[in-house]
Amino acid sequence: MAANNAKGVAGEQATAAELATLPSSYRVFHGLKIGSTKGDIDHLVIGPTGIWVIDSKAWSGALTEGKGMLWRGATPIRK
């Protein structure tokens, strides 16, 4: 479980590094708590193109779209 947690943190850090390259007209927030739950929003981006909620994953392999779903290899991610 610790290895998965470390991999998740690395994925969030990689996403944060990419978001840091956005123009200054964007505001980026990371790790926002959701009320009194244990959940959080990994990244929230507010800018001229809208408001974006980004959930980071540190998956390897190719992602494809088919049958109205996102797939990682032969495994459906979700509808």
Side-chain angles (χ1 to χ4, degrees):
M1 186 169 202
N4 282 342
N5 201 17
K7 190 175 181 182
V9 169
E12 289 180 19
Q13 290 173 339
T15 302
E18 288 297 321
L19 294 173
T21 67
L22 287 170
S24 62
S25 56
Y26 289 85
R27 292 289 312 258
V28 181
F29 304 90
H30 308 282
L32 298 172
K33 296 307 244 177
I34 301 174
S36 60
T37 71
K38 292 183 180 180
D40 72 336
I41 296 172
D42 291 342
H43 315 277
L44 178 70
V45 180
I46 302 172
T49 60
I51 299 172
W52 302 85
V53 176
I54 301 170
D55 186 33
S56 293
K57 299 295 180 204
W59 293 338
S60 61
L63 297 177
T64 57
E65 185 278 328
K67 300 180 184 176
M69 297 177 69
L70 184 62
W71 298 76
R72 185 175 74 169
T75 305
I77 303 302
R78 67 175 57 149
K79 292 185 179 182

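The figures here come from the full heavy-atom set of this structure, side chains too, leaving out hydrogens, waters and symmetry mates.
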Next on the checklist: If the condition is side-chain contact (heavy atoms from CB on, under 4.5 Å), which residues does R27 pass it with, not counting sequence neighbours?
Outcome noted: F29
Item to check | Same cluster (ILVMFWY, side-chain, under 4.5 Å), L22 and I54 | outcome: yes
Checklist entry - In terms of hydrophobic clustering (I, L, V, M, F, W, Y; side-chain heavy atoms under 4.5 Å; direct or indirect links), are I34 and V45 co-clustered? => result no
Checklist entry - Do any pairs count as a salt bridge (Lys or Arg N to Asp or Glu O under 4.0 Å) and have a residue in residues 44-56, sequence neighbours left out, and if so which ones? => result D55-K57
Checklist outcome for this item: Here the side-chain hydrogen bond (donor to acceptor under 3.5 Å, both in side chains) pairs for residues 30-46, sequence neighbours left out, are H30-H43, H43-S56
Next on the checklist: Going by the rule side-chain contact (heavy atoms from CB on, under 4.5 Å), which residues pair with T21 if we only count those two or more places apart in sequence or in a different chain?
Outcome noted: none
Checklist entry - To the nearest 0.5 Å, what is the distance between CG (L44) and CD1 (I51)? => result 7.0 Å
Identify every side-chain donor-acceptor pair in residues 61-76 under 3.5 Å, counting partners at least two apart or on other chains, and give the distances.
unit_1	atom_1	unit_2	atom_2	d
E65	OE2	G68	N	3.4
W71	NE1	G66	O	2.9

Checklist entry - Which heavy atom in P48 sits nearest to a heavy atom in S25, and how many Å separate them? => result CD-O, 3.5 Å
Next on the checklist: If the condition is side-chain hydrogen bond (donor to acceptor under 3.5 Å, both in side chains), which residues does T49 pass it with, not counting sequence neighbours?
Outcome noted: Y26, W52
